[in-house]
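A note on names: the letters A, B, ... follow the listed sequences, proteins ahead of strands, and every chain is numbered from 1.
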2 protein chains.
Amino acid sequence: MARTQGSHSDITGPRVREAALRLFAENGYAAVSMRQIAGEVGVQAGALYNYTPDKQSLLFDLMKGHMDDLLRAWAAQSVPETPQMALEQFTRFHIRFHHDRPEAVFVSYMELRNLTPENFEVIEGLRRRYENQLEAILRRGVAAGVFDVADPKIAAMAVIAMLTGVNTWYREEGRLSLPEVEQIYWSMVRKAVSA
Amino acid sequence: MARTQGSHSDITGPRVREAALRLFAENGYAAVSMRQIAGEVGVQAGALYNYTPDKQSLLFDLMKGHMDDLLRAWAAQSVPETPQMALEQFTRFHIRFHHDRPEAVFVSYMELRNLTPENFEVIEGLRRRYENQLEAILRRGVAAGVFDVADPKIAAMAVIAMLTGVNTWYREEGRLSLPEVEQIYWSMVRKAVSA
DNA sequence: GAATTATCTGAACACCCGTTCAAATCAAAG
DNA sequence: CTTTGATTTGAACGGGTGTTCAGATAATTC
């Protein structure tokens with residue numbers, strides 16, 4: 001036996017990435033074997049190597065893809081007039097975007113240490129670019145006199161940590177809808193940085 | 001060869017836990033082997049089993065110990081008069097305590113999914129107990145009319161996520177001292193929940 | 001100083017790992 | 001319908017895994 005019916009690169013490739021993402025998120029990169037991923041796809045381990053040079057690239061591509069998606073989606077947003085409006089937009093965008101892809105978010109935060117140093121540098125750079133977006137908003141608000149933060153860089157880290165935290169406790173079946181959560185967090189963020 | 005000079009349970013036991021904590025923090029539980037831990041201690045892998053029934057217990061004991069330390073240290077704090085003072089105390093306590101043991105914090109946050117379900121329940125319960133401390137402070141402040149938070153439970157999660165985030169970026173050689181960081185975060189927390 | 005006990009070694013157990021590759025099979029092209 | 005090329009299998013490679021345990025050695029007790 002070899003090539004099975006209906007097999008196709010366009011189909012198997014995405015399925016490999018999906019299976020890897022799911023399993024990495026659930027069990028962690030180090031705890032997931034190539035044979036497990038292959039099993040999920042319905043293929044032997046050797047076949048995976050038509051779609052990735054190695055396990056490390058599989059992880060890196062997932063994380064790189066996630067960060068690219070994030071930066072692209074943020075860049076596609078409109079540019080609000082005031083710093084307050086920009087901060088509200090960022091708050092709601094961050095919560096929604098991260099809510100929509102919990103597995104990619106989880107992997108991107110948890111598996112940083114399993115990247116090779118070179119791959120880590122790339123992801124770290126992209127993350128910093130995203131953080132800089134918020135920092136810039138805060139700086140504009142400080143310059144305009146509407147925000148009061150002692151250190152925009154640290155305030156940006158604090159706000160992002162707070163917002164990303166939603167993913168750790170939010171459940172679809174829970175007591176609050178996502179718009180309600182957005183509203184609560186926006187209220188806290190607004191007050192935290194306001195003059 | 002067997003028992004080596006100066007070998008002692010009182011010495012080796014702690015060293016096993018220290019090595020495990022260090023290696024788990026650096027490489028992740030799944031990526032660290034018992035032989036690696038043994039190597040760090042200067043002993044063969046089999047000797048580790050005088051100090052832990054298995055690898056899982058080693059992880060659990062580290063996490064349980066950390067959570068116990070956390071709750072004990074918090075319980076040892078004095079009880080401030082006002083909700084504002086209590087919140088400031090919590091903010092500064094959380095930052096300092098987590099700053100003092102970055103490895104235990106990192107392992108306790110990252111390796112939850114590598115716990116067996118029963119062990120996970122225990123750690124999760126302890127974590128919830130800690131979160132409830134902050135939630136209670138917020139509720140008292142709301143009742144007293146000095147805090148304005150739509151949902152104390154969620155506000156507690158938000159504040160804790162923000163504070164724990166310090167560990168991801170703070171460096172001893174960095175631009176800010178820890179007291180300065182405490183001050184900045186306390187200012188943000190205070191404003192975020194104030195009426 | 002001999003007997004006892006705590007501690008550790010070293011080898012073994014059964015199994016899993018990421019990766020490679022010739023051979024087999026299937027899909028598409030001519 | 002044959003040829004070609006993409007895709008997959010299955011076996012193999014060298015090495016690593018957590019854990020067990022008889023036997024060896026050091027510290028302690030009498």
Side-chain angles (χ1 to χ4, degrees), chain A residues 1-24 26-63 107 111 113-116 118-119, chain B residues 1-24 26-63 107 111 113-116 118-119:
Chain A
M1 297 150 262
R3 184 172 188 175
T4 54
Q5 269 204 349
S7 69
H8 215 352
S9 181
D10 303 346
I11 294 174
T12 310
R15 288 193 58 201
V16 168
R17 282 186 287 278
E18 283 161 25
L21 180 62
R22 221 186 57 69
L23 289 170
F24 288 167
E26 193 169 321
N27 307 110
Y29 173 77
V32 172
S33 71
M34 294 299 269
R35 285 172 178 82
Q36 247 176 98
I37 298 169
E40 192 90 346
V41 176
V43 102
Q44 294 299 314
L48 298 182
Y49 291 83
N50 290 321
Y51 305 101
T52 181
D54 48 38
K55 194 186 175 191
Q56 167 71 204
S57 301
L58 200 44
L59 175 63
F60 175 68
D61 289 346
L62 290 172
M63 295 178 67
V107 168
E111 306 297 351
R113 67 177 156 197
N114 286 310
L115 292 172
T116 61
E118 314 86 63
N119 286 345
Chain B
M1 302 148 256
R3 186 171 186 175
T4 52
Q5 268 203 348
S7 69
H8 215 352
S9 183
D10 303 346
I11 293 172
T12 310
R15 289 193 57 200
V16 168
R17 282 185 289 277
E18 282 160 27
L21 179 62
R22 221 186 56 71
L23 289 170
F24 288 167
E26 191 169 323
N27 307 110
Y29 173 77
V32 173
S33 71
M34 294 299 269
R35 285 172 179 80
Q36 246 174 100
I37 298 169
E40 193 90 347
V41 178
V43 104
Q44 293 299 312
L48 297 182
Y49 291 84
N50 290 322
Y51 305 100
T52 180
D54 47 38
K55 193 186 175 190
Q56 166 72 205
S57 301
L58 200 44
L59 175 62
F60 175 68
D61 289 346
L62 289 172
M63 295 178 68
V107 168
E111 305 298 352
R113 65 178 157 195
N114 286 310
L115 292 172
T116 62
E118 315 85 64
N119 286 345

Gap between atoms [atom1] and [atom2], on [X] and [N] respectively (whole Å):
X: A:Gln44; N: D:dT7; atom1: CD; atom2: C1'; result: 13 Å
X: A:Leu48; N: C:dC21; atom1: CG; atom2: P; result: 17 Å
X: A:Ile37; N: C:dC17; atom1: CD1; atom2: C1'; result: 12 Å
X: A:Asn27; N: C:dC16; atom1: CG; atom2: P; result: 15 Å
X: A:Leu23; N: C:dG18; atom1: CG; atom2: C1'; result: 16 Å
X: A:Tyr51; N: C:dT19; atom1: OH; atom2: P; result: 17 Å

Table of protein N/O atoms under 3.5 Å from nucleotides 16-22 of chain D N/O atoms:
unit_1 : atom_1 : unit_2  : atom_2 : d
D:dT17 : OP1    : B:Ser33 : OG     : 3.0
D:dG18 : OP1    : B:Val32 : O      : 3.3
D:dG18 : OP1    : B:Met34 : N      : 3.3
D:dG18 : OP1    : B:Lys55 : NZ     : 3.2
D:dG18 : OP2    : B:Met34 : N      : 2.8
D:dG18 : N7     : B:Arg35 : NH1    : 2.8
D:dG18 : O6     : B:Arg35 : NH2    : 3.0
D:dT19 : OP2    : B:Tyr49 : OH     : 2.6
D:dT19 : OP2    : B:Lys55 : N      : 3.0
D:dT19 : O5'    : B:Tyr49 : OH     : 3.2
D:dT19 : O4     : B:Arg35 : NH2    : 3.2

| message | Tell me every residue that passes salt bridge (charged side-chain N to carboxylate O under 4.0 Å, His left out) with B:Glu18, counting only those two or more places apart in sequence or in another chain. | response |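 B:Glu18 satisfies salt bridge (charged side-chain N to carboxylate O under 4.0 Å, His left out) with no other residue.
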| field | Electrostatic pair B:Lys55-B:Glu111, nearest N-O below 4.0 angstrom | value |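 No.
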Where A:Thr52 and A:Leu58 come nearest, the two heavy atoms and their spacing: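 Looking at all heavy atoms of both residues, the shortest contact is OG1-N, 3.4 Å.
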Return the minimal non-hydrogen interatomic distance between A:Tyr49 and A:Met34, and the atom names on each side.
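Distance-wise, the nearest heavy atoms are OH-CE, 3.5 Å.
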Checklist entry - Hey, does the side chain of A:Thr12 come within less than 4.0 Å of D:dT7's phosphate (OP1/OP2), counting only N and O? => result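 Looking at the OP1 and OP2 atoms of D:dT7, neither is under 4.0 Å from any side-chain N or O of A:Thr12.
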Practice task
Look up atom OH in B:Tyr29 and atom CG in B:Leu115, then write down how far apart they are to the nearest 0.5 Å.
Solution key: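 If I round to the nearest 0.5 Å, the distance is 8.5 Å.
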- prompt: Quick one: side chain to side chain donor-acceptor pair (under 3.5 Å) partners of A:Ser33, sequence neighbours excluded?
  reply: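 By the side chain to side chain donor-acceptor pair (under 3.5 Å) rule, A:Ser33 matches no residue at all.
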